Amino acid sequence: KIEKSATAPSDAVKKRFDASLNRKLLVPGPPRQVEPIEDPKVVFSMWTKHINELSLGCTLLTRPLGDLLEGVIQEDKPNVLSRSVAQLVVSNSGFVRQLLQESLETHLFPPEAMQHCKKQAEPFLQRCESMFLHMLKLTHLNRARRFRRLAHVFPDFNELQHEAYRLDDTLKATFGANLKYSRPSWGFIMDHALQAMIAKLLIGFQLDIYEEAELHMIYWYVDYLCGLRIYYLNEIFYTKECSGSGGKKKPNQRPKDALSGKGNRPKNPPLSLLLLEAMQSMVRGLFRLLAFCLTENLLTSPQSVRAGLAQRFVLRFRCLEAFRLPHLPSYHDFDQSAVLAQDPKERRGVLTAAQSSFQDAAQLLEKVQSALREDGRMEVGGDDLPKALRRVVVANQLGITQLQRLDQEELSGKKVLAETVHHPEFISIQVVDK
């Protein structure tokens, strides 16, 4: 009602308002003129966005740890006040400890361990509490600061990984055959460390710091990290299903099977796992598609950038090496994956493989949206992320179809625009004339 009746300020009103009073609230810099906002629609849209962001802070106490680390406030450029309120909410005394215990139980950590293994479990939980309080603080920083500071958390995660391994040995000795999962503490740390690695790499797309020639390299690494995380989560949820149904546990598969799709899979995976699998299929499709475009010189990227990919590989992923993974990907591994056939006709098979990956992602996203529809979460914006990912998939499927219809001569007269149109972290291509 106020918005409908609001009118633009008159000259008399503008004379009474001195915008320079707010100069001290600006970041340090050279003197500059502060222009007041005169359009009432812009002002009220800013207030609406402001209130929506603050209302999201009221939902934080009901969210699991994984969602909070991803960032509940997903609005474009959330203001400082909403991020500060969100940080105050999650910093409430005892809240992080509660989140940790719930997340550990999700990873099949026995609650009785706090009684029977308190001497080893309590120091581990205290260390985790400090670590994840810091991680939640990073989540509510602006993107640039979060990107820079995430690079320094992986040595601490690596230390926690060793502590978790020792704690799991104690749990094995204490609980024996009653321990549902052999590595609950280690799986908990591995899951959240991989989540932080993926978040760091994808924030780079929001900050627009990657060159076009290295986009497929980033997605290749994200694909590997997603594969590891999916493998370990599959093991955990499969074991949970078996223990709940009274079935016998199958022997654990080896970590080298993580990317091959082997290993145990739950019959009814949670939506978060389905969404992660959809994201992996999508980034795999993007890697294949962008590798093809780069080989066919469809991307406008300087030759100097392409020649320096080995140095850029070290630069982009050096900080991740501080955390020990089952296999540390090297530039040689990436180069072997990105090399395409010399024959143009054989290279077309990469487009078919990319189309297949996007089709897998579309099917998984459909499952997620169907489950959300049944739960009644579609009406409250619970499907915003699946919808955005679906738009990315459709846009790239359309681009692949256009490329497949062009012969080699027609292809030389085209170029590809790679932009984050439908999602700030995932590329959508558009085929245009040069």
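A quick note: this is a predicted structure, and the numbers were derived from the prediction, not measured. Each residue takes its place number in the sequence, starting with 1.
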Between [X] and [Y], how do the two ring planes meet: parallel, tilted or perpendicular, split at 30° and 60°?
| X | Y | result |
| --- | --- | --- |
| Trp186 | Tyr165 | perpendicular |
| His50 | Trp47 | perpendicular |
| Tyr331 | Phe334 | tilted |

side-chain hydrogen bond (donor to acceptor under 3.5 Å, both in side chains) against [X], all qualifying residues, sequence neighbours excluded:
| X | answer |
| --- | --- |
| Glu425 | Gln206 |
| Glu296 | Arg347, Gln408 |
| His116 | none |
| His192 | Ser103, Gln195 |

Applying side-chain contact (heavy atoms from CB on, under 4.5 Å), can you list everything that pairs with Thr300, at least two apart in sequence or on another chain?
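In terms of side-chain contact (heavy atoms from CB on, under 4.5 Å), with neighbours along the sequence ignored, Thr300 is linked to Glu212, Lys415.
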
Would you kindly check if the NZ (Lys) or CZ (Arg) of Lys240 is within the cone defined by 45 degrees around the ring axis of Tyr181 and under 6.0 Å from the six-membered ring centre?
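Negative - Lys240 is either too far from the ring of Tyr181 or too far off its axis.
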
Distance under 6.0 Å and angle within 45° of the ring axis: does Arg265 meet both against Tyr238?
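Not flagged: Arg265 not positioned over aromatic ring of Tyr238.
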
Residue pairs involving residues 391-400 (criterion side-chain hydrogen bond (donor to acceptor under 3.5 Å, both in side chains); sequence neighbours excluded):
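Sorted pair list: Gln359-Gln397.
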
Strictly below 4.0 Å, N to O, side chains only: are Lys414 and Glu410 in salt-bridge contact?
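Between Glu410 and Lys414 there is no salt bridge, as every charged N stays at least 4.0 Å from the carboxylate O atoms.
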
Could you walk me through whether Asp333 and Ser330 pass the side-chain hydrogen bond (donor to acceptor under 3.5 Å, both in side chains) test, one step at a time?
CA-CA 5 Å; Asp333 298 330; Ser330 65; 3.1 Å; yes

